Amino acid sequence: METSLAEETFLDDNFLRQLMSVGEVDLLVGIPSHNNAKSISQTVTTIEECFQQNFVRERVVIVNVDGGSRDGTSDVVLNTPLPKSQNPRGLSSLRTSHRIATRYANQPSRGAAYRAILAAADLLQAKACAIISPETSNFTAAWVRGLLQPAYRENFDLVAPLYSRHKNDGLLARNLLYPMGRAVFGRRIRELNSGELGFSGRFAGHCQNLDVWREETIRTSPEAWMATTAISSGFRCCQSFLGPKVHSLTSSGTDIVTAVRQTVGTLFWCLESQQSFWMERTGSEPVPTFGPEHELTSEPVRVNRKRIFDLFLSGAAELSDVLKSILSPETLAELKRIATEDDRKFRYGDELWVRTLCEFAASYHHATIDRDHLIQALVPLYRGRIFSFLQEHHDSSPEDIEAHSENLCLEFERQKPYLVERWKAK
């Protein structure tokens with residue numbers, strides 16, 4: 001069953017009729033897609049295997065929300081055959097397997113896809129839901145279970161994923177998103193931005209009714225907003241360890257630019273829109289975690305550190321006038337000083353890095369320059385920080401890196417009063 005989702009009406013009549021034909025469900029898994037015909041059949045098969053192995057008696061549905069694919073992605077979703085039952089207890093399913101595919105005619109938008117999945121979950125009164133990216137090639141049925149089970153069996157409202165990563169992977173999360181998000185919002189959720197997520201039907205209804213979906217930031221990257229909304233609105237949050245996931249932000253300059261614009265832009269927007277929640281809070285608290293809290297590996301990975309450093313130097317020099325309008329004179333002077341260091345001695349230390357980000361966030365709040373331009377101005381400085389991290393931890397063990405990451409988080413928490421001071425300054 002496939003329909004077209006018009007932006008003006010949000011959910012069109014055909015899609016609503018198909019949802020009503022499904023009826024109430026226990027579990028819903030949403031798959032946002034765009035030209036994923038080559039990979040999405042395996043995604044659907046793996047989800048169905050999870051249902052067969054772990055949720056034999058539950059009422060389930062797979063909802064594919066497609067961003068105008070031209071390769072027949074939705075047809076693949078609907079026509080992928082059911083896998084042969086592999087239930088370890090020999091139980092036969094008492095349910096019908098439902099799949100719905102809907103597409104919106106405009107260009108792909110993660111926010112529009114998430115909104116449609118949340119609305120479907122709310123209308124079908126799903127008890128637990130998950131969103132799975134078809135671009136994650138190594139995910140397993142255990143991943144789907146790990147995202148659904150805490151919401152379905154343990155009554156959690158947000159299930160954030162945890163991954164096993166190489167020590168040089170996930171550097172944006174390690175150096176910025178996790179420590180800053182933790183210090184500001186007070187919960188130790190490591191993955192604020194991920195293509196995988198679990199949540200309760202109750203939280204789905206809450207999110208889809210909030211008036212944020214026309215915001216460009218949310219249309220582009222809604223994941224961190226959902227996590228911070230769960231925290232600030234008092235929903236029960238947890239983490240679930242899924243296993244290895246490899247996606248290096250150091251492999252391409254273009255990837256770094258796109259990632260910083262989307263993820264940091266969303267984080268700063270969340271600071272702005274939820275400031276009444278975080279301004280007076282101090283410290284941070286852990287959240288319940290299913291499985292290990294972190295897992296790093298250290299097999300060799302090639303990274304072009306020289307190119308990262310050169311892009312830091314050239315970008316910082318080109319944006320010197322822009323940085324003057326964002327940073328304090330003291331911070332700018334310190335950045336200029338370290339930029340003169342030989343690359344073998346170069347260090348962009350924790351104290352300076354955190355101070356830089358506090359000043360960027362406060363300048364975003366005050367809109368000292370166009371906010372998108374401000375986020376882009378952070379990119380070369382982020383490259384400098386990553387070069388410093390890679391230099392410093394070239395031979396570090398995973399345990400050493402984890403200890404350093406905890407120290408960075410504590411530095412963010414220590415400097416939070418400075419962020420508040422800059423934020424409130426006229």
Side-chain angles (χ1 to χ4, degrees), residues 25-33 39-40 42-56 58-65 97 99 110 113-114 116-118 120-122 124 126-165 170 173 187-208 222-227 229-231 235-245 247 287-295:
V25 300
D26 299 304
L27 305 172
L28 179 149
V29 176
I31 313 174
S33 64
S39 62
I40 205 163
Q42 184 58 50
T43 303
V44 172
T45 298
T46 303
I47 294 168
E48 294 281 12
E49 287 174 349
C50 173
F51 290 158
Q52 290 180 354
Q53 295 168 17
N54 303 284
F55 304 105
V56 180
E58 279 73 17
R59 301 163 297 173
V60 299
V61 64
I62 296 173
V63 178
N64 168 229
V65 181
S97 176
R99 297 179 199 166
R110 293 217 300 275
Y114 273 52
I117 292 168
L118 293 168
D122 189 39
L124 298 181
K127 296 180 177 64
C129 318
I131 292 177
I132 299 290
S133 169
E135 297 175 0
T136 303
S137 60
N138 64 323
F139 94 99
T140 66
W143 281 36
V144 186
R145 183 188 69 235
L147 294 172
L148 288 173
Q149 199 123 280
Y152 188 57
R153 307 284 189 199
E154 307 290 338
N155 296 316
F156 284 99
D157 295 299
L158 179 84
V159 186
L162 282 171
Y163 304 107
S164 171
R165 293 187 183 274
R187 295 291 186 278
R188 298 175 191 173
I189 296 177
R190 287 179 175 256
E191 298 283 347
L192 290 177
N193 287 81
S194 174
E196 289 78 40
L197 186 68
F199 49 92
S200 67
R202 184 170 76 107
F203 184 54
H206 176 81
C207 287
Q208 74 103 10
E223 298 88 347
W225 169 77
M226 285 186 65
T229 297
I231 295 169
F235 286 92
R236 297 185 71 218
C237 301
C238 71
Q239 301 178 114
S240 181
F241 184 81
L242 302 184
K245 179 173 182 173
H247 175 66
V287 298
T289 299
F290 296 86
E293 291 190 13
H294 53 82
E295 185 175 286

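Sequential numbering from 1 along the given sequence is applied to the chain's residues. If you're wondering where the values come from, they're calculated on a predicted model, not measured in any experiment.
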Pair Ile132, Phe139 - check side chain to side chain contact (heavy atoms under 4.5 Å, CB included), show working. CA-CA 9 Å; Ile132 299 290; Phe139 94 99; 3.7 Å; yes
Going through the distances and angles, do Phe290 and Leu162 end up as a side chain to side chain contact (heavy atoms under 4.5 Å, CB included)? CA-CA 9 Å; Phe290 296 86; Leu162 282 171; over 6 Å; no
Leu242 vs Leu147, test: side chain to side chain contact (heavy atoms under 4.5 Å, CB included). Steps then yes/no. CA-CA 8 Å; Leu242 302 184; Leu147 294 172; 4.2 Å; yes
Side chain to side chain contact (heavy atoms under 4.5 Å, CB included), that's the test. Do Met226 and Tyr114 meet it? Break it down for me. CA-CA 10 Å; Met226 285 186 65; Tyr114 273 52; 3.7 Å; yes
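Ring planes of Phe51 and Phe55: perpendicular class, angle over 60° (limits at 30 and 60°).
Looking only at distances, a side-chain donor or acceptor of Asn64 sits under 3.5 Å from a matching main-chain atom of Ile31. Side-chain atoms of Ser240 do not come within 3.5 Å of backbone N or O of Val159 as any donor-acceptor pair. The backbone N or O of Arg190 sits less than 3.5 Å from a side-chain atom of Gln239, completing a donor-acceptor pair.
Leu124 contributes atom CG, which lies 11.5 Å from atom CG of Leu27 (distance to the nearest 0.5 angstrom). The line from CZ of Arg110 to CD1 of Ile131 is 10.5 Å long, rounded to the nearest 0.5 Å. The line from OG1 of Thr140 to CD1 of Ile47 is 11.5 Å long, rounded to the nearest 0.5 Å. Taken to the nearest 0.5 Å, the CG atom of Asn138 stands 11.5 Å off from the CD atom of Gln42.
For the pair Cys50 and Trp143, the minimum side-chain heavy-atom distance is 4.5 Å or more. Two residues are said to be in side-chain contact when any heavy atoms from C-beta on lie closer than 4.5 Å; Ile231 and Cys237 meet this criterion.
The pair Arg236-Glu154 does not count as a salt bridge, with every side-chain nitrogen at least 4.0 angstrom from each carboxylate oxygen.
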